[in-house]
Amino acid sequence: MSVAKLKPQTDLISKGPEALLERAAEAVAAADKILASAKTGVAARVKELGSIDAAQHASHGLAWLATTVEGLRQLHAWASRLNEGGSLGEIEHLLLTAGFAEYLAQIAGGIPMNQGEVVRVTALGVPVADVRRFEDSVADIVAAGSDDGVKARLAELIADHPGSTTFGNSGLDETHAEIHEQMRKFSEAEVVPHAHEWHLKNDYIPMEIVTQLAELGVFGLSLPEEFGGMGLGKEAMCVVSEELSRGYIGVGSLGTRSEIAGELILNNGTDEQKQKYLPKLASGEMLPTAVFTEPNTGSDLASLKTRAVKKDGKYVVTGQKTWITHPVRADVMTLLVRTNPDEKGYKGLSMLLAEKPRGDDANPFPATGMTGGEIHVLGYRGMKEYDISFDAFEVPESHLLGGVEGQGFKQLMNTFEAARIQTAARAVGVAQCAMDLALKYAMERNQFGKPIYSFPRVANKVVMMAVEVQIARQLTYFAAREKDQGRRCDLEAGMAKLLGARVAWANADNALQIHGGNGFALEYPVSRVLCDARILNIFEGAAEIQAQVIARRLLEGGAN
C-alpha cells in the first residue's frame, strides 16, 4: 500500500550501518556516564533521607534510567551481532536509528515511568551542565532518528510485510528461530481464531489446547531430560511464552504455572519429590498452581499469616489466599505457609506441595477443608482467578518442599528471576499482538478516500510500536541468556519486566486509539488486549516494587 514517500535524509544514515553502530556505542558510553552520576546523586539523597523508601521518586527514577540505558545497550548489541553476520538489513538499521533517537532523547529530557510520572535526570543529582553536554554529544543520532523520513520508510517496510513473525530480524539462532516459527504456526491455527471468544465468555482455555501444549513440550521446556523435560534454557522459554502470549496471554501463561512449580521442585525438592512431580509436570499430566498471595499482604510476603501446624504426620493448614491463578483445574499447589508462628518475618515460612482433586465451575474445590470463590477480572482470562480459604486442610508431612521448615521464602525468591523474565516475554508477546491488530486495522480502515495508515500520526504510532517491541525483546532475551549462563540476573530480569510491561500497555493503548470508537467495542480483539496488557504492570512484582528492587541492586553498598 502507499505511505508517505519520504526517505531518510541525514548524513549519519547515509554513511551506512558501521558509522551508526560506532556512534551508537559512543552514545551508550555517554549514557553510562549520566547513569554513574545519577547513582552518586541518588545515593547521596538516600543517605540524606535515611532510606530508599524515603527517596522513592529519585530511587525509582534511577531504576528507570538504568533500564533505559540497558535497553540501548542491548539494542546496539543486537544490531552489532546482525551486522557481523551480514543480516543487518534496512529495517533493522532504521529500527536501531529510531530506537536510539527516542531513548537518548528521553534520557536528556525525561523518562516516562508511567503516563503521569516523568523522571528527569537533574532530579537524580546529575548536574545541568552534564545533561547539556550529553545532549550535545548525541544530537546527531537524535536528529537522525527523528527525521520524518526514518519513520516514513519504516512504515513502508512494515506495510510490505504484514503478518510477519517479527518486524525486523529478532537475532535468534537457528534453533530458537525454529521454535519461534513452530509456536507461531500453532498459535495462528489453534489460538488466535478462538481467543476473543474465550475472553468474552470468560471460558477456560479448552483442555484440548492444554493437551496440545503438553505434546509440544511447553510444560517441560526447561526441565532436564532425565525428568521428561526438553532440557532447553530460559531463552527458549522466552520465545515460547512470547509467541503464545501474542496469540492470547492466557495460553502464554499456562506454561508459567509449570515453570514456577518445576523450578521450585528442581532446585529445592528432595530426590523423592523430584522423581514424583517433575515428570508429571513436564508431561502435563499434573497441572500446578501457585498459592502465595494473601488479602492485605500484596508484595509484603513477610506478613503472611496462613498457618500450617504439624499434627500426626500431617500439616493442618488454616488461612486465606487470594489472586490464585488456575487453581480449579490444578492438581498440585505450591502453597506458601507459616510453619513457625514465633518467627514473624520470612524465616517462619515454608513451602508445601499440596495435592488436590480437579474441580469445575459447579464444584471448584472438591477437597475437605478447602473452599473458594472466583474473582471476576477485566482481562487475563482463560484460567480464572480465585480467593481460597483453608480450614483444617491437610497436607502430608512428606510434602514439605525440601523436607526442612523455614526455607519457603528463600525457595520462592530463587524462582523470581525466571518468573520475571518469562513475564517480560509475555509482555513482548502482548505488545506484538497490539501492533499486529493496529497495523491490520490501519491498513484496512479507509477514511477520506484512503487507508488511515497513510496518515503519519497513525503510521508513526505503529512504527514506534515496532521500535519498542524490539528493544523490550532484546532486553528480555539478554536477561534469559544471562540466566542460561548461570549468572545472577535479578537486575536484568527486573529491567526486562519493567520495560516490557510499559511497552505492552503503551502499544495496547495506541492500538485502541488507532481503532477509534471501534476499539471501545467489545467485539474488537484490541479491547481484550488492552485489558490483558494492564495486568503486566501489576503481577510478578508491580512496577513500583520492581523499580524498588532494581534501585536497591544499583545502590548496593551505598544505601540502606
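Values below: all heavy atoms of this structure, side chains included; hydrogens, waters and symmetry mates excluded. Quick caveat, the model's predicted, so the values are computed rather than measured.
In plain terms, the two heavy atoms of Met435 and Met465 that are nearest each other are CA-SD, 3.5 Å. Closest approach of Gly99 to Ile471, counting heavy atoms only: CA-CD1, 4.1 Å. Nearest approach of Ser241 to Ala425, heavy atoms of both residues: CB-CB, 4.1 Å. Among all heavy-atom pairs drawn from Gly284 and Leu287, the shortest one is O-CD2, 3.9 Å. Considering every non-hydrogen atom in both Val210 and Ile205, the closest pair reads CG2-O, 4.5 Å. Ala501 approaches Ala427 most closely through the heavy-atom pair N-CB, 3.9 Å.
A heavy-atom distance below 4.5 Å is not found between the side chains of Phe478 and Glu235. Between Leu244 and Leu213 there is a side-chain heavy-atom pair separated by less than 4.5 Å. Looking only at side-chain heavy atoms (C-beta outward), Leu349 and Asn340 stay at 4.5 Å or farther from each other. Residues Leu232 and Ile179 meet the side-chain proximity criterion, which asks for heavy atoms closer than 4.5 Å. Considering only heavy atoms from C-beta on, Leu401 stays 4.5 Å or farther from Gln407 through its side chain. Taking the side chain as every heavy atom from C-beta outward, Leu157 and Phe167 never approach each other to under 4.5 Å. Side-chain contact between Met383 and Arg257 is present, with heavy atoms from C-beta onward closer than 4.5 Å. Considering only heavy atoms from C-beta on, Val328 comes within 4.5 Å of Phe365 through its side chain.
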_Would Ser187 and Val192 count as a side-chain contact (heavy atoms from CB on, under 4.5 Å) here? Give the steps._
CA-CA 6 Å; Ser187 185; Val192 173; 4.0 Å; yes
*Run the side-chain contact (heavy atoms from CB on, under 4.5 Å) check on Ile265 and Phe227 step by step: do they pass?*
CA-CA 11 Å; Ile265 296 169; Phe227 296 116; over 6 Å; no
*Given salt bridge (Lys or Arg N to Asp or Glu O under 4.0 Å), test Lys310 with Glu397 step by step and report yes or no.*
CA-CA 7 Å; Lys310 194 185 301 184; Glu397 185 179 338; 3.7 Å; yes
*Where do Glu482 and Arg488 land on the salt bridge (Lys or Arg N to Asp or Glu O under 4.0 Å) test, with the steps shown first?*
CA-CA 7 Å; Glu482 290 292 288; Arg488 179 181 178 181; over 6 Å; no
_Candidate pair Val239 and Tyr477, rule side-chain contact (heavy atoms from CB on, under 4.5 Å), full reasoning_ = CA-CA 8 Å; Val239 170; Tyr477 289 175; 4.1 Å; yes
*List the steps, then state whether side-chain hydrogen bond (donor to acceptor under 3.5 Å, both in side chains) holds for Glu208 with Gln212.*
CA-CA 6 Å; Glu208 292 84 352; Gln212 288 176 286; over 6 Å; no
*Take Asp331 and Lys280 through the test salt bridge (Lys or Arg N to Asp or Glu O under 4.0 Å) and record every step on the way to the result.*
CA-CA 10 Å; Asp331 305 288; Lys280 292 180 180 179; over 6 Å; no
*May I have the step-by-step check of side-chain contact (heavy atoms from CB on, under 4.5 Å) for Glu294 and Gln320, ending in yes or no?*
CA-CA 6 Å; Glu294 295 185 2; Gln320 292 183 312; over 6 Å; no
_Arg473 vs Glu242, test: salt bridge (Lys or Arg N to Asp or Glu O under 4.0 Å). Steps then yes/no._
CA-CA 9 Å; Arg473 176 181 288 126; Glu242 174 188 335; 3.0 Å; yes
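Here the CH2 atom belonging to Trp323 is positioned 8.5 Å from the CD1 atom belonging to Ile538, to the nearest 0.5 angstrom. Separation of atoms CG (Leu281) and CG (Leu266) is listed at 10.5 Å; rounding is to 0.5 Å. The OG atom of Ser350 sits 7.5 Å away from the CD atom of Gln411 when rounded to the nearest 0.5 Å. Rounded to the nearest 0.5 angstrom, Glu243 CD and Cys433 SG are separated by 10.0 Å. Summarising the geometry, atom CG belonging to Asn537 is positioned 7.5 Å from atom CG belonging to Leu498; distances are rounded to the nearest 0.5 Å. Rounded to the nearest 0.5 angstrom, Thr476 OG1 and Leu499 CG are separated by 7.5 Å.
No more than 12 heavy atoms of other residues, nucleotides or ligands sit less than 6.0 Å from atom CG of Leu378. Shown here is Asn363, whose CG atom has more than 12 heavy atoms of other residues, nucleotides or ligands within 6.0 Å.
With hydrogens and angles disregarded, a donor-acceptor distance shorter than 3.5 Å links the side chain of Gln273 to the backbone of Leu400. A donor-acceptor distance shorter than 3.5 angstrom exists from the side chain of Glu92 to the backbone of Asn169, with no hydrogens or angles considered.
Using a cutoff of 4.0 Å between basic side-chain nitrogens and carboxylate oxygens, Lys234 and Glu263 are scored as salt-bridged. Salt bridge Arg534/Asp532: absent, no basic N to carboxylate O contact under 4.0 Å. For the pair Arg184 and Glu181, the salt-bridge criterion is not met [side-chain N within less than 4.0 Å of a carboxylate O]. Between Lys440 and Asp436 there is no salt bridge, since none of the side-chain N atoms of the basic residue sits less than 4.0 Å from a carboxylate O of the acidic one. Using a 4.0 Å cut-off between charged side-chain N and carboxylate O, Lys483 and Glu492 make no salt bridge. Note on Asp203 versus Arg381: no salt bridge recorded, every NZ/NE/NH1/NH2 to OD/OE distance being 4.0 Å or above. Using a 4.0 Å cut-off between charged side-chain N and carboxylate O, Glu556 and Arg553 make a salt bridge. At a threshold of 4.0 Å, the pair Lys276-Glu355 counts as salt-bridged, since one of the basic side-chain nitrogens sits closer than that to a carboxylate oxygen. A salt bridge is absent between Lys185 and Glu188: the closest approach of a Lys/Arg side-chain nitrogen to an acidic carboxylate oxygen does not fall below 4.0 angstrom. Ion pairing between a basic and an acidic side chain is recognised when a charged N comes within 4.0 Å of a carboxylate O; Glu540 and Lys497 show no such pairing.
There is a side-chain donor-acceptor pair under 3.5 Å between Glu374 and Asn202. If you check the side chains of His199 and Arg528, you find no donor sitting under 3.5 Å from an acceptor. Thr322 and Asp387 share a side-chain donor-acceptor pair at under 3.5 Å. Defined by atom type and a distance below 3.5 Å, a donor-acceptor pair is present between the side-chain atoms of Arg426 and Ser253. In this model, no donor atom of one side chain and acceptor atom of the other lie less than 3.5 Å apart for Gln182 and Glu178. Between the side chains of Glu544 and Gln548, not a single donor N or O lies within less than 3.5 Å of an accepting N or O. Looking at Glu259 and Ser222, their side chains do bring a donor and an acceptor atom within 3.5 Å of each other.
A ring-centre distance under 6.0 Å is not found for Phe393 and Tyr315. Between Tyr380 and Phe539, a ring centre-to-centre spacing shorter than 6.0 Å is recorded.
The aromatic rings of Tyr248 and Trp198 sit tilted, their planes meeting at an angle between 30° and 60°. In this pair, Tyr346 and Phe409 present their aromatic rings parallel. The plane angle is below 30°, not in the 30 to 60° band.
Lys321 forms no cation-pi arrangement with Phe292, by the criterion of a distance under 6.0 Å to the ring centre and an angle within 45° of the ring axis.
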